[in-house]
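In each ligand, atom 1 is the first atom listed, and ligand 1 is the first ligand listed.
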Amino acid sequence: EPPGLAPPSPGAPPQAPDLLYADGLRAYAAGAWAPAVALLREALRSRAALGRVRRDCGAHCAAEPGVSLPAAPGPDSGPGAWEPLLLRAALRRAECLTQCGARRLGPGGAARLRVGSAVRDAFRRREPYNYLQRAYYQLKKLDLAAAAAHTFFVANPAHLQMREDMAKYRRMSGVRPQSFRDLETPPYWAAFDTGLEHLGRQEAGLALPWLEEALQESLAQVESCRAGCEGPEEQEREAEEEEGTGSQGGLYEAIAGHWTRVLQCRQRCVGDVATRPGRSLPVPDFLPTQLRRLHEAHAQVGNLSQAMENVLSFLLFYPEDEAAKTALDRYQAQLGEPRPGLGPREDIQRFVLRSLGEKRQLYYAVEHLGASFKDPDPWTPAAFIPEALREKLREDQEKRPWDDEPPQPKPLTHWKDVLLMEGVTLTQDARQLNGSERAVLDGLLTPAECGVLLQLAKDAAEAGARSGYRGRRSPHTPHERFEGLTVLKAAQLARAGAVGSQGAQLLLEVSERVRSLTQAYFSPDRPLHLSFTHLVCRSAIEGEQAQRMDLSHPVHADNCVLDPDTGECWREPPAYTYRDYSGLLYLNDDFQGGDLFFTEPNALTVTAQVRPRCGRLVAFSSGVENPHGVWAVTRGRRCALALWHTWAPEHREQEWMEAKELLRGPEKDEGEDVASRDPGPEPPSRRLPRLQDKAGKPPRIREEL
Ligand SMILES: O=C(O)CCC(=O)C(=O)O
Ligand SMILES: [Fe+3]
């Protein structure tokens with residue numbers, strides 16, 4: 001057993017994580033696997049110990065009564081009498097923290113063991129585990145290697161190398177499924193998920209202990225995070241951020257500036273705690289959500305007073321919530337006379353009051369000192385937000401509706417009639433597709449109509465080939481051919497007699513059919529316009545399909561540039577930013593592969609799949625909430641009408657009207673070969689090489705890992 005694998009001697013002060021990590025990497029590079037493992041583990045242990053010391057000392061010194069403070073100023077004390085009180089209290093607290101740190105870590109410990117920002121980021125990305133897994137592997141400790149690999153992969157789900165390594169581990173006989181455990185993720189996530197699973201199965205009684213644990217542990221995690229805001233690292237970060245922004249001014253400006261940044265850091269903690277490892281966005285409204293679930297579960301098992309406690313706590317966040325108020329009234333009626341001891345949970349009350357106090361100060365600093373503060377909470381009462389900011393928030397929301405929370409599925413009443421009228425059925429809604437704005441609708445085309453459109457695509461491709469414009473390789477994969485036809489091109493070909501005008505006519509008609517349905521379903525109150533219509537066929541190139549690893553269409557979002565590493569999606573060029581809803585109307589199913597799938601923003605975790613077939617429409621909002629791709633088409637030809645809709649009238653598809661005009665006019669204007677003149681626009685991802693680089697490999701379904 002290498003020395004570092006033995007439990008550390010209790011009480012031994014840890015060494016600086018920075019140094020241990022650097023030594024560990026040196027040992028690793030030299031192929032000294034056992035020392036590398038020992039040093040890396042010790043670096044992890046030391047960092048965790050430092051965090052604990054900071055948290056414990058913070059709590060200890062905050063709770064210390066102000067014994068050594070002078071008596072409060074009397075009524076006759078003059079202006080400014082608070083100054084010595086405040087500064088003495090600060091001196092006393094600093095002394096307490098220093099002493100506490102020295103007791104736990106040796107003289108100057110907490111400051112001496114500071115972690116530099118680069119190493120801090122590396123730890124946050126769980127990089128030590130990447131080295132650990134390889135070192136363990138070399139030492140033939142497969143169980144530990146798999147655990148380290150899994151721990152790294154959880155926080156880096158888009159890491160291609162690790163994905164391959166994970167697949168290898170899974171195939172090794174010495175590795176059991178239990179080996180893939182997460183050594184870092186705080187247990188409240190598992191408790192939260194287990195609680196929700198039980199609730200989903202109507203097992204409220206079983207859910208309760210898990211939900212309670214999740215809430216208490218996430219609150220504890222928030223405390224831990226907040227303690228870090230006062231540590232030397234946070235100050236170092238400030239110093240880095242401040243470089244170039246000039247000095248702070250005098251003593252009080254400096255104190256105010258420093259304090260503001262501590263508050264900003266503390267306010268960020270809820271979001272950090274609510275963000276799952278490997279994700280970039282927090283679970284929205286994490287604490288209120290948990291309270292709501294706890295309330296539901298207690299109500300279901302008949303714990304009246306606890307249901308009441310939790311609903312009262314929820315109301316601290318959202319005092320005007322109608323459902324919560326109704327529930328509260330009901331409990332009060334059931335309980336009869338008011339019970340004096342019954343109030344909101346103490347932990348939540350403390351949390352909300354403290355948070356509101358911090359927000360008040362921060363908004364003050366924003367208004368009067370030019371500080372910046374991005375409030376992470378949607379529940380902050382409007383009265384706390386300075387008037388000017390409130391207006392700006394409102395404007396921003398109006399200008400950029402896509403930055404809002406993904407809208408919830410709308411009630412079905414709006415569109416039900418439309419669907420029934422046209423003989424269309426809703427096959428899967430957003431919930432069934434594990435998303436927010438997605439739907440699968442069937443019956444948009446009859447088999448005969450699919451036939452006409454398939455014939456149109458075929459005739460257009462042949463016309464193109466005749467004029468020397470050969471069906472080219474797909475821009476997404478060398479293993480497929482790709483033909484695209486726009487409405488205008490179809491109309492031009494029809495006028496030239498190269499394709500039947502019935503097909504071109506139908507193309508226009510069908511695109512309008514899809515538009516009106518999409519509007520009725522997703523945007524009943526705001527008109528949608530077609531912005532681009534494209535009939536696309538992808539054909540497998542024979543003899544090139546064995547061991548194919550790539551996709552027919554890499555994972556992307558339709559109106560923003562997706563970065564799977566961070567899960568962010570930049571709504572800026574070269575993306576087609578004005579696209580608001582996407583539609584894919586399929587024409588056939590006689591091919592192999594080619595299913596459409598949705599993923600999480602990491603471009604890896606598949607959340608839903610749809611098999612194309614004649615007359616099936618998949619409609620969805622075009623943003624980050626709907627990253628999607630197409631599995632390889634390994635045999636045959638897959639044709640679909642792809643349509644994008646926009647709210648912006650200025651991005652309405654001009655060609656659609658032109659095509660309509662053309663088709664109205666006299667047919668067959670011979671002697672002109674439009675096919676060679678106008679190759680039509682490129683499909684979208686052609687212009688997004690970044691997407692192909694990052695997401696060009698096939699994703700894996702999380703459940704398989
Ligand atoms: O053909 C499909 O199913 C998807 C195509 C697509 O996502 C796109 O063109 O943006
Ligand atoms: Fe797309």
Side-chain angles (χ1 to χ4, degrees), residues 428 433 435 437-442 444 450 453-454 457 474-477 480-486 511 514 518 530-540 550-562 564 569 571 574-589 591-599 601 603 606-634 636-646 653 680-692 695-696 698-699:
Q428 281 181 293
L433 290 165
E437 291 218 280
R438 322 177 164 161
V440 176
L441 303 150
D442 275 309
L444 267 91
C450 287
L453 291 174
L454 286 166
S474 163
H476 310 300
T477 164
E480 291 176 27
R481 240 189 299 281
F482 192 97
E483 315 140 23
L485 182 69
T486 64
S511 60
V514 171
T518 307
L530 282 169
S531 78
F532 188 46
T533 312
H534 204 199
L535 178 53
V536 177
C537 298
R538 305 151 188 267
S539 319
D550 62 353
L551 297 169
S552 176
H553 202 133
V555 176
H556 63 282
D558 285 341
N559 72 15
C560 50
V561 182
L562 183 67
C569 204
R571 196 159 177 170
Y576 295 96
T577 55
Y578 46 84
R579 291 178 172 174
D580 294 302
Y581 287 95
S582 308
L584 296 158
L585 178 59
Y586 296 110
L587 303 182
N588 64 330
D589 64 357
F591 51 86
Q592 252 173 31
D595 287 11
L596 173 79
F597 60 91
F598 292 94
T599 73
V606 173
T607 55
Q609 287 204 68
V610 183
R611 176 71 195 163
R613 59 185 269 191
C614 164
R616 171 166 287 177
L617 172 71
V618 184
F620 50 94
S621 54
S622 308
V624 63
E625 64 284 2
N626 282 315
H628 57 281
V630 179
W631 294 106
V633 176
T634 51
R637 182 155 170 270
R638 171 201 197 264
C639 296
L641 187 56
L643 308 103
W644 290 276
H645 312 278
T646 178
E653 185 170 26
E682 296 294 299
S685 299
R686 184 77 190 256
R687 296 179 201 169
L688 301 176
R690 268 183 76 201
L691 301 189
Q692 294 173 47

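Set against the non-hydrogen atoms of Arg538, the atoms of ligand 1 under 4.0 Å away are 1 (O), 5 (C). Annotation for ligand 1: atoms under 4.0 Å from non-hydrogen atoms of Leu596 are 3 (O), 4 (C). Those atoms of ligand 1 that come under 4.0 Å of a heavy atom in Leu584, given as number and element, are 1 (O), 2 (C), 3 (O), 4 (C), 5 (C). Atoms of ligand 1 lying under 4.0 Å from any heavy atom of Tyr586, numbered from 1 in the order shown and given with element: 2 (C), 3 (O).
Polar contact with ligand 1: absent for Trp644 (N/O pair, distance under 3.5 Å).
Distance alone, capped at 3.5 Å, is enough to place a donor-acceptor pair between the Asn626 side chain and the Glu437 backbone. Side chain of His556 to backbone of Pro554: a donor-acceptor contact under 3.5 angstrom is found. With hydrogens and angles ignored, the 3.5 Å screen pairs no side-chain donor or acceptor of Gln609 with any backbone N or O of Asp595.
Distances from the Fe ion (ligand 2) to each N, O or S atom of Asp558 single out OD1 as the nearest.
Residue His553 does not count as close to the Fe ion (ligand 2), with no N, O or S atom under 2.8 Å.
With a 4.0 Å cut-off on non-hydrogen atoms, Asp558 touches ligand 1 through its side chain and not its backbone.
The residues Arg611 and Asp442 are annotated as not salt-bridged, no charged nitrogen and carboxylate oxygen being separated by less than 4.0 angstrom.
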Taking it one step at a time, do Val630 and Leu551 satisfy side-chain contact (heavy atoms from CB on, under 4.5 Å)? CA-CA 6 Å; Val630 179; Leu551 297 169; over 6 Å; no

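Looking at heavy atoms from C-beta onward, Val624 lies out of side-chain contact with Arg571 at the 4.5 angstrom threshold.
Only one option out of His476, Glu480, His553 pairs with Arg538 in a side chain to side chain donor-acceptor pair (under 3.5 Å); it is His553.
The shortest heavy-atom distance from Phe597 to ligand 1 is not under 4.0 Å. Under a 4.0 angstrom heavy-atom cut-off, His534 registers as lying outside contact with ligand 1.
Note: Phe620 and Phe598 have perpendicular aromatic rings, judged against thresholds of 30 and 60 degrees for the angle between ring planes.
Proximity annotation for atom 2 (C) of ligand 1: of His553, Arg638, His476, His628, Arg638 comes nearest, heavy atoms only.
The angle subtended at the Fe ion (ligand 2) by NE2 of His556 and NE2 of His628 is 90°, given to the nearest 10°.
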